[in-house]
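Each remark here refers to the structure printed beneath this line.
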Amino acid sequence: MASKDNSFISLQGVAKHFGSLRAVEDVTFDIKRGEFFSLLGPSGCGKTTLLRMLAGFEVPSSGEIYIDGQPMSAVPPNARPTNMVFQSYAIFPHLTVAQNIAYGLRKKGLSKAELADTVEQALQRIRLGGYGQRLAHQLSGGQRQRVALARALVCRPKVLLLDEPLAALDKKLREEMQIELRQLQRSVGITFVFVTHDQEEALALSDRIAVMSKGRTLQVDSAARLYEAPSCREVAGFIGSMNFFDGTVTDVDGDIATVDAGSAGALRVPVNGHATRRGAKATVAVRPEKMEIAWQPPQGVTNSVAGRVTAEAYFGDRSHYHVEVSGLPHHIAVALQNSQRSLDTTEARGRRVWLTWPVESSVLLPQAGG
Amino acid sequence: MRRRSIGWLELYGLLFIALLYGPMLLLPLFSFNDSLYIAFPFKGFTVKWYEAMVQDSALLAALRNSLSVAIPVSIVSTAFGLLTAKALTRFRLPGRRAIVGLIMVPLVIPFIILGIALLTTLRKTFDVPLSLWTVAAGHILICLPFSVMVLISRLEGFDRSLEEASLDLGESAWSTFWRITFPIVLPGVVSSLLMCFTASFDEFLIAFFLSGDGATLPVFIWSQLRFPQKLPNVLALGSCILVLSFLLIAIAEKLRRGGIPTEKHSGF
Ligand SMILES: Nc1ncnc2c1ncn2[C@@H]1O[C@H](COP(=O)(O)OP(=O)(O)OP(=O)(O)O)[C@@H](O)[C@H]1O
Ligand SMILES: [Mg+2]
């Protein structure tokens with residue numbers, strides 16, 4: 001069961017409790033071979049704990065982890081086919097860069113020349129040729145990060161675990177390293193499990209992402225699906241920004257449901273596989289950039305919500321508006337592309353507008369207890 | 001621009017240091033004086049007291065006793081100290097502060113009280129004969145706090161993930177200790193060895209109460225003070241001990257502070 005098709009790592013009902021604290025609860029998902037997989041979630045949601053269970057530093061309180069078909073619970077960290085890049089990098093301070101990189105190779109039975117060769121190649125690959133004799137404190141943060149990466153990769157692990165490896169770097173360096181990391185992963189073909197709390201980083205790098213909250217996984221999916229088809233309100237709100245209209249399902253007609261969203265009126269939304277029925281509570285979610293603003297009452301459109309502009313901001317390529325809809329607890333955010341040149345300087349604030357969007361641009365989210 | 005001049009505060013400081021260390025410097029000074037009596041003016045330069053010292057067989061026996069106590073004491077105290085410090089820094093022990101306090105207690109109890117207490121316990125309660133063994137046991141008690149203190153400060157600056165990284169790279173717990181943990185705490189270990197050695201070597205009160213026939217060096221020196229003609233010998237010996245202790249402590253301090261720079265360094 002563990003190694004069906006191309007599932008390479010399999011977590012089955014994994015939980016970790018520290019006393020009464022449930023750091024990880026009933027986590028089940030598979031990671032494919034050669035995948036760049038990210039664990040994404042807010043601080044304290046259990047990402048590091050999950051990663052440390054994969055590395056073998058924590059033993060699951062219940063459940064089992066399989067790597068390449070083998071159950072891992074009885075396997076100590078030094079016998080696992082995983083290597084880890086620590087958030088603090090954990091470069092050994094008393095060893096040189098070259099000795100750090102060679103550290104994991106001692107038991108591989110390489111000759112002195114082969115060892116020196118491997119280390120030299122690794123140094124070249126991380127563009128630190130000539131830095132072999134330096135100590136950790138003589139390196140910059142980005143260089144240390146690369147040494148940690150090289151030290152793990154020369155061991156040729158089946159899985160590389162990375163715990164927020166870019167968090168300590170400044171923005172520019174972080175963006176450079178993101179691109180490098182992605183290229184590196186493609187070229188070595190090793191499965192990466194990458195922890196981050198930065199959603200943009202996760203979206204940009206990953207083949208698939210597990211969104212976590214309070215020790216549980218909310219959704220495991222590709223970046224595009226997390227953005228375009230979130231499975232619940234938490235995921236929708238965590239990834240990008242989202243407008244929500246709460247209401248009750250009044251009709252289900254094939255693939256399209258109609259939701260009575262109170263003062264926002266009746267909204268039509270694709271069901272998209274969610275189990276729903278008449279009378280169920282549901283939320284219609286629409287991204288700001290998927291909405292259009294009409295300055296006159298629109299004719300013949302399905303979804304249209306009337307409101308008043310309370311704030312606008314001009315960014316050159318796009319403009320953002322806040323629209324107040326009477327009866328809704330929060331304003332609606334709209335982002336418009338300024339795709340046509342216009343010097344129309346009419347103030348939008350205070351104007352009455354109608355928000356419209358195509359049916360297939362909205363998402364139906366089941367409501368808890370609905 | 002400030003004029004460099006010696007103000008009242010500097011004067012006070014100089015006086016303070018002179019009074020603190022001046023008397024100690026008299027010791028080596030008079031050890032080269034060609035006279036039985038410690039009194040100005042100097043009579044002349046001589047090294048005969050040093051010659052007499054190295055020919056004094058009782059003195060050499062006492063030196064041997066001291067070394068055979070101080071060396072094992074420093075090793076045992078440091079070994080215990082390392083285990084204790086590792087446990088205290090590595091695990092979230094309940095009552096950690098209480099444990100540290102308990103270990104430090106011998107430092108604040110007057111050694112004379114400690115000496116008498118140990119003597120009565122050993123003799124009256126357990127009827128153990130006094131010997132260098134009992135002296136060593138007493139010294140371990142007072143050396144352990146030094147050792148724990150030095151090693152805790154070393155281990156606290158130690159990033160736990162270094163050991164995990166070593167395990168992760170395929171090493172066993174045992175080889176991780178020898179390849180990672182030990183080299184990083186080594187300066188602390190050496191510093192602890194030197195401090196414990198000095199503490200035991202110089203210690204008088206506990207050695208005085210707990211030694212049998214075999215006197216350690218400080219006890220021997222004290223016994224010699226009854227004979228005025230032996231006093232210059234003692235001065236020569238004292239000078240040697242002074243210089244040696246100073247060197248050892250200086251080395252120990254340098255090692256404790258310096259060594260490998262760890263990322264999370266916590267010196268105090
Ligand atoms: N060894 C431990 N003992 C007790 N509680 C722990 C331990 N390790 C982690 N926790 C708790 O488990 C929860 C999850 O911690 P974890 O480090 O996995 O979070 P995280 O998602 O990595 O957060 P961050 O983004 O801040 O690193 C936290 O509430 C944390 O306090
Ligand atoms: Mg973490």
Side-chain angles (χ1 to χ4, degrees), chain A residues 18-19 48 51-52 54-58 75-96 99-109 134-139 141 144 147-157 159-165 168, chain B residues 82 85-87 89-96 150-193 254-267:
Chain A
F18 297 106
T48 297
L51 201 71
R52 289 171 59 81
L54 285 168
F57 298 128
E58 308 281 0
V75 183
N78 50 353
R80 290 194 184 199
T82 58
N83 279 121
M84 182 141 162
V85 176
F86 290 79
Q87 182 163 5
S88 62
Y89 306 146
I91 307 290
F92 304 128
H94 60 301
L95 301 179
T96 63
Q99 286 169 329
N100 263 282
I101 292 176
Y103 193 87
L105 298 174
R106 194 171 71 118
K107 299 216 172 111
K108 302 261 179 288
R134 297 227 189 166
L135 291 172
H137 71 277
Q138 298 167 315
L139 299 177
R144 252 181 274 176
V147 172
L149 204 59
R151 184 177 69 182
L153 281 174
V154 290
C155 298
R156 309 223 148 273
V159 184
L160 189 70
L161 308 170
L162 305 106
D163 190 359
E164 309 209 20
Chain B
L82 185 58
K86 182 128 168 99
T89 49
R90 204 39 42 95
F91 307 109
R92 299 178 189 188
L93 287 182
R96 179 186 167 201
V150 169
L151 290 168
I152 278 186
S153 84
R154 188 79 206 173
L155 284 170
E156 266 172 355
F158 188 101
D159 183 358
R160 169 100 218 242
S161 58
L162 292 177
E163 287 171 333
E164 286 181 343
S166 169
L167 289 176
D168 189 66
L169 291 165
E171 296 292 335
S172 64
W174 179 246
S175 55
T176 291
F177 180 81
W178 287 112
R179 288 187 78 187
I180 302 298
T181 318
F182 191 72
I184 293 178
V185 298
L186 186 62
V189 168
V190 175
S191 154
S192 158
L193 283 174
K254 188 160 167 43
L255 284 172
R256 191 176 72 77
R257 291 176 183 282
I260 301 141
T262 50
E263 273 160 61
K264 289 195 272 170
H265 198 77
S266 80

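Letters go in sequence order (proteins before strands), and every chain restarts at 1. Note that these values count all heavy atoms, side chains included, but never hydrogens, waters or copies made by symmetry.
- Of the residues considered (A:K107, A:R151, A:R106), A:R106 shows the highest number of contacts with chain B, using heavy-atom pairs under 4.5 Å.
- B:R179 meets the side chain to side chain donor-acceptor pair (under 3.5 Å) test with B:E171; sequence neighbours excluded.
- Counting only distance, with no hydrogens or angles, the side chain of B:R154 and the backbone of B:I184 share a donor-acceptor pair below 3.5 Å.
- For residues 76-87 of chain A, every residue pair satisfying the side-chain hydrogen bond (donor to acceptor under 3.5 Å, both in side chains) rule, not counting sequence neighbours, is listed here: A:N83-B:D168.
- Of the two parts of A:F86, only the side chain, counted from C-beta on, holds a non-hydrogen atom closer than 4.5 Å to a non-hydrogen atom of chain B.
- At a 4.5 Å heavy-atom cutoff, the contact between A:F92 and chain B is made by backbone and side-chain atoms alike.
- Contact record, A:L149 with A:V85: CD1-CG2, 3.8 Å, taken as the closest heavy-atom pair.
- Here A:G104 is the residue among A:A152, A:P157, A:G104 with the most heavy-atom pairs under 4.5 Å with chain B.
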